[in-house]
**Student:** 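One structure coming up, written as structure tokens, with questions to follow.
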Amino acid sequence: MKSLFQQETHEEIMNRLEQLDEAAQANWGKMNVGQMTWHCQGPLNIMLEKNDYGLKPNWFAKVFFKKSLYNDKSWRKNLPTAKFLKPKEDKDFSTEKRKLTELINEAYSHRDKTEWKPHPGFGYFTADQWGQMQYKHLDHHFRQFGV
């Protein structure tokens with residue numbers, strides 16, 4: 001499984017992000033490209049402890065969903081979006097792209113970190129699982145927009 005903490009994978013993600021522009025159209029889902037780049041910041045903000053979005057431990061999510069966050073199986077199209085990560089209004093694409101770029105680079109700068117605080121909703125992840133989860137989420141949404 002690819003990880004955002006791998007140099008080649010980080011470069012791949014950054015190249016794919018660079019291919020996005022304001023005219024990008026979704027192949028599925030309801031978000032536009034500005035909303036998607038805003039949405040993709042959420043999991044990175046959680047990992048980097050910038051915002052926990054008020055999440056509480058959730059045994060159901062841990063048992064039935066957690067492993068799907070970092071395994072090799074791609075997520076299916078049109079999965080429901082967590083309420084706190086669902087954009088309520090349009091977002092300025094260039095602003096959100098810049099913020100997402102900064103967060104991805106900041107996450108990558110922590111590639112050698114071995115101890116991470118538990119996810120507020122899912123609990124403990126290894127460093128590898130954090131990196132894999134971030135890659136999988138970004139990959140899902142970049143495929144949504146054809147990059």
Side-chain angles (χ1 to χ4, degrees), residues 1-21 24 26-87 91 93-147:
M1 177 70 196
K2 291 183 179 183
S3 167
L4 189 59
F5 296 146
Q6 297 164 331
Q7 181 178 349
E8 285 181 22
T9 304
H10 173 257
E11 290 171 5
E12 170 201 325
I13 287 293
M14 297 308 293
N15 288 333
R16 289 168 71 187
L17 177 57
E18 191 55 37
Q19 292 175 40
L20 285 171
D21 62 34
N27 294 315
W28 71 82
K30 298 177 182 175
M31 288 187 273
N32 63 41
V33 70
Q35 292 170 323
M36 179 274 288
T37 50
W38 174 87
H39 164 86
C40 285
Q41 295 170 45
L44 292 159
N45 280 324
I46 291 171
M47 182 182 80
L48 295 169
E49 301 174 34
K50 293 175 179 285
N51 193 338
D52 68 10
Y53 300 96
L55 288 172
K56 303 287 186 227
N58 184 325
W59 70 269
F60 183 83
K62 284 183 197 178
V63 171
F64 293 104
F65 188 64
K66 183 177 178 179
K67 286 183 182 176
S68 73
L69 295 173
Y70 53 82
N71 66 19
D72 283 328
K73 188 176 177 185
S74 295
W75 292 334
R76 63 179 172 82
K77 299 173 182 177
N78 295 311
L79 284 172
T81 301
K83 199 173 196 172
F84 69 94
L85 291 177
K86 197 177 285 190
K91 303 291 183 181
F93 171 72
S94 60
T95 300
E96 301 308 330
K97 182 179 178 181
R98 178 185 49 75
K99 289 178 183 178
L100 181 57
T101 299
E102 291 169 2
L103 284 170
I104 291 169
N105 285 329
E106 182 178 350
Y108 179 69
S109 77
H110 291 280
R111 65 192 170 277
D112 294 326
K113 185 175 177 177
T114 57
E115 297 293 321
W116 292 86
K117 285 194 175 180
H119 186 284
F122 292 107
Y124 177 78
F125 287 109
T126 65
D128 287 340
Q129 290 167 341
W130 274 113
Q132 292 163 350
M133 176 175 59
Q134 297 300 338
Y135 171 78
K136 190 169 181 177
H137 185 244
L138 292 165
D139 175 65
H140 174 77
H141 286 292
F142 288 1
R143 284 186 296 108
Q144 179 186 15
F145 282 83
V147 296

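Along the sequence shown, the residues carry numbers beginning at 1.
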**Student:** Using ring-ring contact (aromatic ring centres under 6.0 Å, His included) as the criterion, list what pairs up with His10, not counting sequence neighbours.
**Tutor:** Tyr108
**Student:** Any side-chain heavy atom of Lys91 within less than 4.5 Å of one from Thr37?
**Tutor:** no
**Student:** Could you note down all residue pairs passing salt bridge (Lys or Arg N to Asp or Glu O under 4.0 Å) where residues 129-138 supplies at least one of them, sequence neighbours left out?
**Tutor:** none
**Student:** Which distance, rounded to the nearest 0.5 Å, do you find between the CZ of Phe145 and the CG of Asn27?
**Tutor:** 8.5 Å
**Student:** Please list, chain by chain and in numerical order, all residues satisfying side chain to side chain contact (heavy atoms under 4.5 Å, CB included) with Gln129, sequence neighbours excluded.
**Tutor:** Tyr70, Phe125, Thr126, Gln132
**Student:** According to the salt bridge (Lys or Arg N to Asp or Glu O under 4.0 Å) rule, which pairs have a member within residues 138-147, sequence neighbours left out?
**Tutor:** Arg16-Asp139, Asp139-Arg143
**Student:** Mind checking whether Cys40 and His137 have side chains closer than 4.5 Å, heavy atoms only?
**Tutor:** yes
**Student:** Sequence neighbours left out, what pairs pass salt bridge (Lys or Arg N to Asp or Glu O under 4.0 Å) with at least one residue falling in residues 53-72?
**Tutor:** none
**Student:** Go through the structure and list residues passing ring-ring contact (aromatic ring centres under 6.0 Å, His included) with Tyr124, not counting sequence neighbours.
**Tutor:** none
**Student:** Using the ring-ring contact (aromatic ring centres under 6.0 Å, His included) criterion, which residues pair with Phe5? Sequence neighbours excluded.
**Tutor:** Trp116
**Student:** Give a yes or no on this: more than 12 heavy atoms of other residues, nucleotides or ligands lie within 6.0 Å of atom CD of Glu18.
**Tutor:** no
**Student:** Lys50: what forms a side chain to side chain donor-acceptor pair (under 3.5 Å) with it, not counting sequence neighbours?
**Tutor:** Glu106
**Student:** Do Gln35 side-chain atoms and Asn32 backbone N/O form a donor-acceptor pair below 3.5 Å?
**Tutor:** yes
**Student:** Please identify each residue that fulfils side chain to side chain donor-acceptor pair (under 3.5 Å) with Thr101, with sequence neighbours left out.
**Tutor:** none
**Student:** Suppose we screen for salt bridge (Lys or Arg N to Asp or Glu O under 4.0 Å). Which residues come up paired with Glu49, at least two apart in sequence or across chains?
**Tutor:** Lys117
**Student:** Extract all donor-acceptor atom pairs below 3.5 Å that involve side chains of residues 76-85 and protein atoms in other chains or at least two apart in sequence.
**Tutor:**
| from | atom 1 | to | atom 2 | distance (Å) |
| --- | --- | --- | --- | --- |
| Asn78 | OD1 | Gly29 | N | 3.1 |

**Student:** If I compare all heavy atoms of Ala107 with all of Leu44, which pair ends up nearest, and what's the gap?
**Tutor:** CB-CD2, 3.9 Å
**Student:** Could you tell me the separation between the CE atom of Met14 and the CG atom of Leu4, rounded to the nearest 0.5 Å?
**Tutor:** 9.0 Å
**Student:** Roughly how far apart are Leu69 CG and Gln134 CD, rounded to 0.5 Å?
**Tutor:** 9.5 Å
**Student:** Is there a side-chain contact between Val33 and Lys97 (heavy atoms, below 4.5 Å)?
**Tutor:** no
**Student:** With a 4.5 Å heavy-atom cut-off, do Lys2 and Glu12 have their side chains touching?
**Tutor:** yes
**Student:** Using side-chain contact (heavy atoms from CB on, under 4.5 Å), reason through Asp128 and Met1 one step at a time and then give a plain yes or no.
**Tutor:** CA-CA 9 Å; Asp128 287 340; Met1 177 70 196; over 6 Å; no
**Student:** Quick check against the 3.5 Å criterion: does Glu96 have a side-chain atom that pairs as donor or acceptor with the backbone of Met36?
**Tutor:** no
**Student:** Find the distance between CG (Leu48) and CH2 (Trp130) and round it off to the nearest 0.5 Å.
**Tutor:** 9.0 Å
**Student:** Give a yes or no on whether the backbone of Ala24 and the side-chain of Asp21 come within a donor-acceptor separation of less than 3.5 Å.
**Tutor:** yes
**Student:** Test of understanding: with side chain to side chain donor-acceptor pair (under 3.5 Å), list the residues that count as partners of Ser3, not counting sequence neighbours.
**Tutor:** none
**Student:** Could you check His39, His141, Gln41 and say which one makes a side-chain contact (heavy atoms from CB on, under 4.5 Å) with Leu100?
**Tutor:** Gln41
**Student:** In Å and rounded to the nearest 0.5 Å, what is the OH to CG distance from Tyr53 to Asn51?
**Tutor:** 4.5 Å
